[in-house]
Amino acid sequence: MAPQTRGGGTLFPEVVIERDSESEETSSSEEEQEEHEEQVAEEKDDENMGAGAEASTSTKKPITISLKKVCKVCKRPGHEAGFKGATYIDCPMKPCFLCKTPGHTTLTCPHRVAMEFGVVPATSRGCSSSLDYVFERQLGCRVPAMKTSFSIPNQVHCAVIRYHSRRVTCLEFHPTNNHILLSGDKKGQLGVWDFRKVHERTVYGNIHSCILNNMKFSPTNDGTLYGASSDGTISCTDLETGISMSLMNLNPSGWQEIDIERTGLYLLMFENINVLYSHYILEKGKFAWRLSLLVLLFQIGPSTWRMIYGLDVNFDRGLLLGADNFGFLYIADMRSNNVIGKPTLIHKKGSKVTGLHCHPLQPDLLLSCGNDHFARVWDMRMVEAKSSIYDLSHNRVVNSAYFSPRSGSKILTTSQDNRIRVWDSIFGNLDSPSREIVHSHDFNRHLTPFRAEWDPKDTSESLVVVGRYISENYDGIALHPIDFIDINTGQLIAEVMDPNITTISPVNKLHPRDDVLASGSSRSIFIWRPKEEFESKQPDDKRKIVLCGKNDNKRKGKFEDDSDDDFGGGKHGSKSLNAKKLPLTSKPHGSKRIY
DNA sequence: AACTAATGAATCC
DNA sequence: TGGATTCCCTTAGT
């Protein structure tokens, strides 16, 4: 049959359809058929299948439509990245997702076997090769504790599933009341929870209008909590009443209002937007005006709005410190609540300061970290731009930097290059880290940034807790453990997980006095205790897991205190939701990857 | 079951 | 320097 073509049959570019010929799942007969088809070039008008020979003589460049299965990461055929069951198979074309060096994948990464600094082979684990160890781990499902000297909270004691309506961003234990946990979320809401009374849940929704980045208790008043938010304010909240005042506001013209200094610019842009949307305006009227305004707020606004991330209190000097997303440090006097002096540029201009920490013993020392890949040590007596005492260099953004809790002689940093670093000012110097521990805590825009934190109870200042990003296949379930690491050896002391928690837990806080771990995973909060303690003290008490939210009250969509966007302000006071008791084993938190 | 949205940093030019 | 583009193991929704 002669090919039916347009324009004489020679001008139109041919279309090559590539099909998958290497699928290992398909049977051999299917494979042959597909391979046969692969050879066939079709014309765009394709009424026929036999034009291959003729079309291949065309001088036009062929348009190739590939139906081959390709890797979703590198878009190349022959392999596929993604979950196979509960095990994630990496794209071999990319550097290792764990240690970021090319040539291998996470499955065979030496750091997956031994987290110690340098590539220490896994001989200490009784395996001859890393593959052996991975194999052992897949079968054995648990890594035995390396030491028994630490009491690790490894069993879920109680929890509220969907405590928050957005993901948890920070946690803080009450300084004197052992059973009160404070939690902040991406919406700016503040949770106050006595985890002895699992069913009672208090959430303050009117303090901040978006992300609560950090919390800090007043050193002089246990009932007062400071909060730093991306709405550009530092709040001071009375926990009993929920009444809050703003100590610092970097967006005095309002979170959702136009900056007066830039009114001209905005008006100009507003004009343009009006032109763009004039068609809409004519047709849809009011709706389009709202749309224009939304464009203004979300595209223009956030580039000028200031957000506060870092927060700490300098007790000796009576100062409250905050730092914003443009690299500036702000200082307020806690007695007068007045901002002192001018903002100081402490990180690269325009880059976010992700954290602040005051030295536990020396009031003159301040530690900061930021998106400019540095953690910096400052002398509070003389803080001005480029006057840092030490600059701790990292390869990527530094999520957090903390002085060790007792002596303050060590600094623990978490960087997005998948490394936890320890900088020792006594046994080393701050020019280079005394230890680097490869650990999976990558950046993911949908996750709260991971922050490795010291155990405040550990007098040796060696135990650190941090959530893990990559999953491990535990009995057919992909779980993301919470890791306990001994920073002196670099060894994994314990990995804590529960088959019912399939979501990642980036936010973790160890109790200042008790063997208790609080973790925030997605919108839920979990309280962990050591298994032995749990069994001896409360043999009859079942684990209390409470479910909140949509499924509970048959609500459609979101919480009743939800607004449609994350930037909208809550206008509600405290609330205590009725919650349903849920046996832990009935339903996992997070629903995927159970095979 | 198969989609989608939310949304932060790096990279490129 | 800034805008467009991309991105890898998300999660909870429709």
Side-chain angles (χ1 to χ4, degrees), chain A residues 71-75 79-100 102 105-107 109 112 161-162 164-169 185-187 210-211 213 230 298-304 307 309 325 348-352 354 370-373 394-399 415-418 439-450 467-474 477-481 501-507 520-524 547-551 555-559 562-568 587-594:
Chain A
C71 170
K72 65 178 179 182
V73 177
C74 70
K75 314 285 186 261
H79 65 273
E80 277 183 274
F83 276 101
K84 278 260 189 300
T87 305
Y88 192 92
I89 308 298
D90 270 5
C91 170
M93 300 300 172
K94 290 277 180 177
C96 172
F97 192 62
L98 174 55
C99 73
K100 307 301 177 193
T105 65
T106 54
L107 214 55
C109 179
R112 187 163 183 169
I161 309 292
R162 278 184 238 123
H164 284 273
S165 60
R166 290 288 186 278
R167 63 168 201 243
V168 173
T169 53
D185 71 21
K186 203 176 90 53
K187 243 182 109 181
C210 71
I211 317 176
N213 292 307
S230 285
F298 282 83
Q299 292 194 352
I300 301 167
S303 64
T304 53
M307 311 178 185
Y309 284 82
N325 59 326
K348 186 182 172 187
K349 194 170 188 181
S351 75
K352 184 196 293 176
T354 51
N371 274 22
D372 63 352
H373 303 187
H394 296 71
N395 297 326
R396 296 276 162 175
V397 168
V398 188
N399 286 345
S415 172
Q416 291 183 6
D417 66 355
N418 263 4
H439 178 265
S440 173
H441 50 253
D442 258 36
F443 169 77
N444 180 315
R445 62 184 161 201
H446 308 295
L447 299 174
T448 303
F450 291 85
R468 193 193 303 174
Y469 187 177
I470 54 172
S471 61
E472 196 78 55
N473 184 343
Y474 297 95
I477 309 173
L479 298 179
H480 309 265
I501 306 169
T502 58
T503 48
I504 296 171
S505 306
V507 189
S521 193
S522 184
R523 294 149 50 178
S524 304
L547 176 68
C548 269
K550 179 192 162 192
N551 293 353
R555 292 192 195 102
K556 288 244 172 175
K558 304 164 182 171
F559 277 16
D562 273 3
S563 56
D564 284 332
D565 56 81
D566 293 329
F567 295 92
K587 194 180 173 186
H589 174 243
S591 52
K592 288 179 183 172
R593 296 202 273 286
I594 302 209

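Numbered from 1 within each chain, the chains take letters A, B, ... in sequence-line order.
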Atom-pair distance (CZ on A:Arg112; C1' on C:dC8), nearest Å: 14 Å

Side-chain N or O of A:Ser522 closer than 4.0 Å to phosphate OP1/OP2 of C:dA12: yes

Whole angstrom value for the distance that separates P of C:dC9 from CZ of A:Phe97: 7 Å

Ion pair A:Asp372/A:Lys349, N-O distance below 4.0 Å: no

Nearest-angstrom distance, C1' atom, B:dT11 to C:dC9: 22 Å

Cation-pi geometry met for A:Lys100 and A:Phe97 (6.0 Å, 45°): yes

Sugar-phosphate, base or nothing in reach of A:Asp442, heavy atoms under 4.0 Å: nothing

N or O in side chain of A:Arg167 less than 4.0 angstrom from B:dA5 OP1/OP2: no

Residues forming a side chain to side chain contact (heavy atoms under 4.5 Å, CB included) with A:Asn213, sequence neighbours excluded: A:Ile211, A:Ser230, A:Tyr309

Sugar-phosphate, base or nothing in reach of A:Ile470, heavy atoms under 4.0 Å: base

Length of the line joining A:Lys100:NZ and C:dC8:C1', which is rounded to integer Å: 7 Å

C:dC9 glycosidic torsion: syn (within 90° of 0) vs anti: anti

Sugar-phosphate, base or nothing in reach of A:Phe443, heavy atoms under 4.0 Å: base

Among B:dA9, C:dG13, C:dT10, the one nearest A:His446 by side-chain distance: C:dT10

Phosphate contact (C:dT10 OP1 or OP2) by A:His480 side-chain N/O below 4.0 Å: no

Euclidean distance, atom NZ of residue A:Lys72 to atom P of C:dT10 [Å, nearest integer]: 7 Å

Phosphate-side-chain proximity, A:Lys352 and B:dA9, N/O vs OP1/OP2 below 4.0 Å: yes

Short N-O contact, A:Glu80 and A:Lys84, less than 4.0 angstrom: no

A:Arg523, nearest nucleotide to its side chain (from C:dG13, B:dA6, B:dA9): C:dG13

A:Lys348 atom NZ, neighbour heavy-atom count above 12 within 6.0 Å: no

Partners meeting side chain to side chain contact (heavy atoms under 4.5 Å, CB included) with A:Pro449 (sequence neighbours left out): A:Asn399

Distance-only donor-acceptor test, A:Thr106 side-chain atoms vs C:dC9 base atoms, 3.5 Å: yes

Atom-to-atom span, NE2 of A:His373 to P of B:dG8 - whole angstrom: 16 Å

Nearest-angstrom distance from the residue atom CG of A:Asn444 to P of C:dT10: 7 Å

Side chain to side chain contact (heavy atoms under 4.5 Å, CB included) partner of A:Phe450, the single match among A:Val507, A:Ile504, A:Asp442: A:Ile504

Between P of B:dG8 and CZ of A:Phe450, the distance in whole Å: 15 Å

d(CG, A:Leu479; C1', C:dT10) in whole Å: 15 Å

Between A:Thr503 and A:Ser521, a side-chain donor and acceptor under 3.5 Å: yes

Atom pairs under 3.5 Å, N or O on each side, protein against nucleotides 1-7 of chain C: can you list them with distances?
unit_1 : atom_1 : unit_2   : atom_2 : d
C:dC7  : N3     : A:Arg445 : NH1    : 3.1
C:dC7  : N4     : A:Arg445 : NH1    : 2.5

